[in-house]
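Heads up: the structure comes next, in C-alpha cells.
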Amino acid sequence: MAELAKDFFWGGSIAAHQLEGAYQEGGKGLNTMDLFTGGAYGRPRQITEELQADTYYPSHQAIDFYHRYQEDIQMFGDMGFRALRISIDWSRIFPRGDEEEPSREGLDYYHKVIDELRKHKIEPIVTLFHFELPVGIVRNYNSWLSRETIDLYLKFVETVVGEYKGKVNYWVTFNEMNHIDPQTEVSDLFTYILAGLEYSKMQDKKQTLAVLGYHMTLASVKAAKMIRKIDAGNQVGCVFGLTPYYPKTCRPEDMLLSFQDTIRDFYQIDAMVWGEFPKYKMFEYQREGISLEITEADRVAFREGTLDFIGLNYYASAVSSAVKEEGAQEAMFGGELNPYLEKSDWGWTIDPIGLRYLMNFVYRKYQKPIIICENGLGAADEVSETGEIRDDYRIDYLGKHLGQLKKAVLEDGVECFGYLMWAPIDLVSATTGEMKKRYGFIYVDKHDDGSGDLSRKPKASYYWYKEMIASNGENL
Ligand code: BGP
C-alpha cells in the first residue's frame, strides 16, 4: 500500500491566548481574550468590559508557556514533531493595536520561540490571528467593522512576516473566521472571540455580521498578497473550522437542508480560492436587505490574494432535519445530535468518518493542498494513584481519525500535507475557559480553581503519538 509522504507534517496546534499566560509581561497590551472569564460546560464564559478584581481570567496565567516554551518544545521535539502551529499574539507586537512602532520585546519573544522550534527541526506554521485582538482596536476602531482595522492588521502582518523572513515559510491569515455569517444564529461566544463584540448587543445583527465577515475576508486576501510579496517562497493559508451536516432521512428536504447547513460556512473559502467575493452571497445579502461596500480596489485584492493551501479544523459532524421531531437532541453548535455516534463529555460528536468526508468534500471543491490544523478530544483526564495518565480514549479517538485521514489521502487521492493535533499540551479551552477540558499528550498540573504547580507530564497518548510519527502512520 502506498505510504504517506516522508515529510508529512505530523505535529500539533496551539494558540497564544490559550497557553502563554504572562498577560502583562514583555510589554504586552490587553487583548479581548484577556477579558473573558472562566466558564464550564453549560455555564458560558462572561465578558467583562474592564478587568475586575476577584475575577478569574484563564488567559492571564494559562499554562505559562511564555516562560516554559523551551521545556514544552523540547517535549514536542522528543515526540518527533515535524511541525507546530503557533499564533502570534497581536497585542504583544502592537499593544494597543495602532502604535507607530512595534514592540521590540514582543518581536524578540517570538524569535526565541521560532528559533527553539527550528532547533528541534520543527517547522513553525504561524497563525496571524487566533482571536488575540488588541482591546484598543475594538474600543477605538470598532473592531472589524471598520476598514481602519484592516489596515492595522496589515501593518501587523507586514511587521511580523518581514521580521521572521527566512525563518517562517507557512503563514495562516486567520483562524476560523467562518463562524461569522448572517445566516447563523451565533452566540456571543463566536462574535466575541473573533471580533470582541457581543452578538446579543448588536443593533442590526445580520448587517453587522455581514460586514464583519466581509472585512475579515478582505483582510485575509490582502494579507496573502503581502505575505508572498515579502518572500515569494512563503505559503499562505487560512484555517476554517468546518462541520459536515448529514441529512436526517432521505427526504429531499433533509438533503437540501444538510447541503445548505454544510455549505453555509464556505463563502469565505470560495472568496479566497476563486478570487472573487461570491455572487451567490451578494444575491443573499440583497434579498436580506444587507448592503456591502465593495470597491474596485477590493475586487483586485480578491483576485490577487488567493490561498496556497486550506487549513481545516475538524471536531464533529451534525444532523440536519427539515422536520422537527420530538425527542431530537440539539448538537452543540447547530443541527441535531447523530444517534449513531457517541459524544465527548462536553457534548461534541465523535465521528472519524466525518473527517474523511470533509477532506474529500473540500478537496474535490477546490483541489488545493489541505492541512488538518486542529482535531482532538477534550476530556477530563485523571492522574492515577501511581501517577500515570491513561488516556486510552484519546488514543482511540486519534487512531480512528488518523485511519480515516490515511484513507482520504491514500485511497481517495486527497492532497493533504499534514496533521496538527489540537492541542498537544493541556491548555485553556476556548469555548469554556476550562483547564478541566484537556486535549494534550502532555498533562499540565493546573486546575480551574487556580491550584497546581504547572509541572508537565507525558500521558499514555504521548508515547503512542511518538511511535505513530516514527512509523509515519504505518501502524494506524
Ligand atoms: C477551535 C479553536 C481552538 C480550540 C478548539 C477546541 O474552534 O480554534 O482555539 O480551542 O476549537 O475548542 P475548546 O477549546 O473550546 O474545546
Side-chain angles (χ1 to χ4, degrees), residues 12-20 31-34 36-45 58-59 62-63 65 84-90 125-133 172-181 184 186-195 216 237-243 265 268 310-318 331-334 343-350 355 358 371-381 393-394 397-398 401 419-441 444 446 448:
S13 234
I14 54 178
H17 71 96
Q18 289 170 268
L19 90 172
E20 282 179 5
N31 70 47
T32 48
M33 297 308 278
D34 294 327
F36 216 10
T37 71
Y41 185 25
R43 179 167 57 83
R45 303 180 75 173
S59 75
I63 60 158
F65 179 83
L84 185 77
R85 175 175 167 246
I86 60 170
S87 71
I88 292 187
D89 184 334
W90 189 348
I125 299 177
V126 178
T127 304
L128 292 155
F129 184 83
H130 197 133
F131 316 153
E132 296 101 0
L133 183 62
V172 167
T173 54
F174 282 84
N175 182 65
E176 295 197 356
M177 66 159 77
N178 58 284
H179 298 307
I180 298 272
D181 177 71
T184 316
V186 279
S187 56
D188 282 345
L189 180 81
F190 285 121
T191 52
Y192 185 73
I193 61 179
L194 281 157
M216 292 175 96
C238 189
V239 170
F240 302 90
L242 300 175
T243 305
D265 273 8
Q268 292 151 323
I310 299 171
L312 294 182
N313 294 349
Y314 170 75
Y315 289 93
S317 61
M332 275 307 271
F333 300 111
K343 54 182 180 5
S344 77
D345 291 342
W346 272 261
W348 295 25
T349 306
I350 298 173
L355 176 62
L358 181 69
I371 177 165
I372 304 304
C373 280
E374 288 183 30
N375 173 240
L377 177 71
D381 303 330
Y393 38 88
R394 180 165 294 109
Y397 176 102
L398 294 173
H401 281 77
Y419 175 86
L420 308 174
M421 178 269 201
W422 181 272
I425 185 163
D426 292 346
L427 40 64
V428 174
S429 155
T431 53
T432 70
E434 291 167 291
M435 275 306 299
K436 187 179 168 196
K437 189 180 187 190
R438 297 173 181 275
Y439 281 88
F441 297 125
V444 178
K446 166 95 193 261
D448 294 317

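In what follows, every heavy atom counts, from backbone to side chain, and hydrogens, waters and symmetry copies are set aside. Ligands are counted one by one from 1 in listed order, and the atoms in each one are counted from 1 as well.
Near Tyr439, meaning under 4.0 Å from one of its heavy atoms, ligand 1 places the atoms 6 (C), 12 (O), 13 (P), 16 (O).
Ring pair Phe333/Trp348 is perpendicular by interplanar angle, where above 60° counts as perpendicular and below 30° as parallel. Between His17 and Phe131, the angle of the ring planes lies from 30° to 60°, which puts this pair in the tilted group. Aromatic ring pairs are classed by plane angle as parallel below 30°, tilted from 30° to 60° and perpendicular above 60°; the pair Tyr41 and Trp346 is tilted.
Of the candidates Arg438, Glu374, His130, Lys437, it is Glu374 that places a heavy atom closest to atom 1 (C) of ligand 1.
Between Tyr314 and Ile372, every side-chain heavy-atom pair lies at or beyond the 4.5 Å cut-off. Counting heavy atoms from C-beta on, the side chains of Leu242 and Asn178 come closer than 4.5 Å. Taking 4.5 Å as the limit, some side-chain heavy atom of Val239 sits within range of a side-chain heavy atom of Arg85.
From the protein, the heavy atom lying nearest to atom 10 (O) of ligand 1 is Gln18 NE2, 2.9 Å. At the shortest separation from atom 7 (O) of ligand 1 among protein heavy atoms lies Glu176 OE1, 2.7 Å. Closest to atom 14 (O) of ligand 1, if we only count protein heavy atoms, is Ala430 N, 2.8 Å. Among all non-hydrogen protein atoms, the one lying nearest atom 12 (O) of ligand 1 is Trp348 CH2, 3.4 Å. With respect to atom 13 (P) of ligand 1, the closest heavy atom belonging to the protein is Ser429 OG, 3.4 Å. Protein heavy atom closest to atom 15 (O) of ligand 1, with residue, atom name and distance, is Thr431 OG1, 2.4 Å.
Contacts of Trp346 with ligand 1, taken as heavy-atom pairs under 4.0 Å, are absent altogether.
Residues Asn175 and Leu194 come closest through the heavy atom pair O-CD2, 3.7 Å.
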